[in-house]
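For this chain, numbers begin at 1 and follow the sequence in order.
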Amino acid sequence: MMEKLFLITVLLVLFKLPGFVSPDYVPAIFTFGDSILDAGNNRFIKNCTAQANFPPYGSTYFHHPTGRFTNGRTVADLISQYIGIDFQKPYLEAHLDVVNGSIKSYPSNGINFASAGSGVIPQTNQDEHVLPLQVQLQQFQTLVQQGQIDTTLIQNSLFLFESGSNDIFGYFFAAGSGAFQELPRPHDFVQAMLDQVESFVDEIYNLGARRIALFSLGPVGCVPARAMLKDAPLDRCYGKLNFMVERYNHGLFKMARLARWKYPNAVIAYGDVYRMVWHFRAHPYRYGFLDVTNACCGAGQLGGEMQCGIGPYKVCQNPDEFMFWDLFHPSEHTYQLISESLWDGDRLQIKPVNLRTLADIDLFNY
């Protein structure tokens, strides 16, 4: 009798754990975007200056730098753990492994194509030799066309996308540097960004993607790096920048809302990271934060005027108490909160379904 009760208790606990999901549908994750999701691709790009391959990056979870722009895991890592699959390798690392013969084929648990510093506009940070969304897509497309990735695997996999913050931050940086007359109007710039994202979604759908998650940008106007922007306030978030972010996010939401008609047999979820982060900021102590303004690691005002690990930087004792790890990026604790909301959240956080449902759904009977 006691053994039966123990078994029932274990099963109930398992069903409540974030990671309990049927492995029948999602064997892999393919990730596209910028430093929020990058697992270290930039380490393998010659002359790339957008790097996090030095301490104290990676100090909390991996205990060494991995190229991730935080102290631990990213959202892609955490979602992988919830599903029960290994972390995805950066594409360029996997490619080198295949070329030199250390592995025979590309990993069956997915690939991370994200590149820190990149944007949805091809020209964004091109002087830093990052890989824009279009190049990431081309890399994936080549693998599919060469038969390096099984088509059934693609149809069953999760596709994660987050990008755009570098484009918008760069827009405001250029405006403050005197290049405002050369810039398109904010509305036109946002529309150009959304056009690129829509083309990306069209193409991955044509290549077989059926479980797609588009993550909104967080409130970029609140990052410590705003200290480097002309006219940006230090005592509050930069409203003008956040307004532009909101317009972009609304376009992503509309894209996901219309997906059912445009993309048959596919589900596109919209994760409202912007709303989540504002909620954490409004209730910091409830979520374990003592500081939602300054970077744990950095230098200058807000810790946002110099990258963590470079120059005379300072690092906090407990990164979990900080919303921001460095001048641009959340701490692992923040990523954990975001990942939990994306995985198990309600329709205020992610719609039409959360990632747990998206991972476990039978698309043919949806």
Side-chain angles (χ1 to χ4, degrees), residues 32-37 114-115 117-128 130-137 161-205 212-223 225-233 236-263 268-278 281 328 348-352:
F32 301 83
D34 56 27
S35 54
I36 298 296
L37 296 173
S115 173
S118 68
V120 299
I121 301 293
Q123 293 77 20
T124 295
N125 291 335
Q126 60 181 350
D127 58 325
E128 297 185 30
V130 298
L131 303 177
L133 181 64
Q134 295 74 16
V135 173
Q136 297 173 35
L137 175 61
F161 165 84
E162 185 282 338
S163 188
S165 58
N166 291 311
D167 304 281
I168 294 177
F169 192 90
Y171 182 95
F172 277 82
F173 190 85
S177 301
F180 188 77
Q181 292 181 343
E182 303 173 14
L183 296 172
R185 294 182 303 171
H187 176 271
D188 295 334
F189 187 75
V190 169
Q191 188 55 53
M193 291 174 63
L194 291 169
D195 289 344
Q196 293 291 341
V197 177
E198 187 168 18
S199 295
F200 164 78
V201 175
D202 286 347
E203 188 56 34
I204 62 170
Y205 174 80
I212 303 168
L214 305 179
F215 299 153
S216 82
L217 302 182
V220 185
C222 302
V223 300
R226 72 181 186 276
M228 295 188 291
L229 295 177
K230 184 180 179 181
D231 300 328
R236 61 188 184 280
C237 298
Y238 194 3
K240 289 183 179 179
L241 198 157
N242 276 344
F243 180 71
M244 197 164 174
V245 169
E246 289 171 359
R247 295 176 81 164
Y248 172 73
N249 287 343
H250 182 67
L252 291 182
F253 167 67
K254 286 176 62 179
M255 211 176 294
R257 188 180 62 187
L258 297 174
R260 192 155 194 167
W261 291 273
K262 185 175 182 182
Y263 305 107
I268 299 184
Y270 170 76
D272 197 345
V273 176
Y274 190 97
R275 176 190 284 269
M276 297 172 198
V277 173
W278 269 118
R281 290 178 61 86
F328 280 111
L348 289 177
Q349 298 164 316
I350 180 167
K351 60 188 71 171

Atom of S118, atom of P132 and distance for their closest heavy-atom approach: CB-CA, 3.9 Å
Step by step, work out the side chain to side chain contact (heavy atoms under 4.5 Å, CB included) result for I204 and L137. CA-CA 8 Å; I204 62 170; L137 175 61; 3.7 Å; yes
So L214 and V201, do their side chains get closer than 4.5 Å, heavy atoms only? yes
Measuring from atom CG of D188 to atom CG of L183, what distance do you get when rounded to the nearest 0.5 angstrom? 11.5 Å
Identify the heavy atoms of S216 and E162 that sit nearest to each other, and give their distance. O-CG, 4.3 Å
Parallel, tilted or perpendicular for F169 and F173, by the 30°/60° rule? parallel
Counting distance only, does the side-chain N/O of D167 pair as donor-acceptor with the main-chain N or O of V120 below 3.5 Å? yes
Donor-acceptor pair, distance only, cut-off 3.5 Å: does the side chain of R275 make one with the backbone of I350? no
Nearest 0.5 Å please: distance from the CG atom of L217 over to the CD1 atom of I168. 5.5 Å
Find out whether V190 and L194 are in side-chain contact, i.e. whether some heavy atom of one side chain is under 4.5 Å from a heavy atom of the other. yes
Which atoms form the tightest heavy-atom contact between Q136 and S115, and what is the distance? NE2-N, 3.6 Å
For V223 against F328, the heavy-atom pair lying closest together: CG1-O, 3.8 Å
Would you say K254 has more than 12 foreign heavy atoms packed within less than 6.0 Å of its NZ? no
P184 versus F189, closest heavy-atom pair with distance: CG-CD1, 3.8 Å
Is the closest side-chain donor-acceptor distance between Q191 and D195 under 3.5 Å? yes
Is there side-chain contact between P219 and W278, with heavy atoms separated by less than 4.5 Å? yes
Step by step, would you call N166 with V130 a side chain to side chain contact (heavy atoms under 4.5 Å, CB included)? CA-CA 11 Å; N166 291 311; V130 298; over 6 Å; no
Reported CG-to-CG distance for the pair L241 and D231, which is rounded to 0.5 angstrom: 12.5 Å
Min side-chain heavy-atom separation E246-Y274 under 4.5 Å: yes
Any side-chain to backbone donor/acceptor pair from R226 onto C222? Under 3.5 Å, distance only. yes
Should the pair F172 and Y238 be assigned to parallel (<30°), tilted (30 to 60°) or perpendicular (>60°) ring geometry? perpendicular
Heavy atoms, side chains only, cut-off 4.5 Å: are D202 and Y263 in contact? yes
When every non-hydrogen atom of S163 is compared with those of G33, the smallest separation belongs to CB-CA, 4.0 Å
Give, for atom CZ of F161 and atom CD1 of I268, the distance between the pair rounded to the nearest 0.5 Å. 11.0 Å
Nearest 0.5 angstrom please: T124 OG1 to Q196 CD, how far? 9.5 Å
Would you call Y270 and M255 a side-chain contact if the rule is heavy atoms closer than 4.5 Å? no
Mind checking the CE-CD1 spacing from M193 to I121? Nearest 0.5 Å is all I need. 6.5 Å
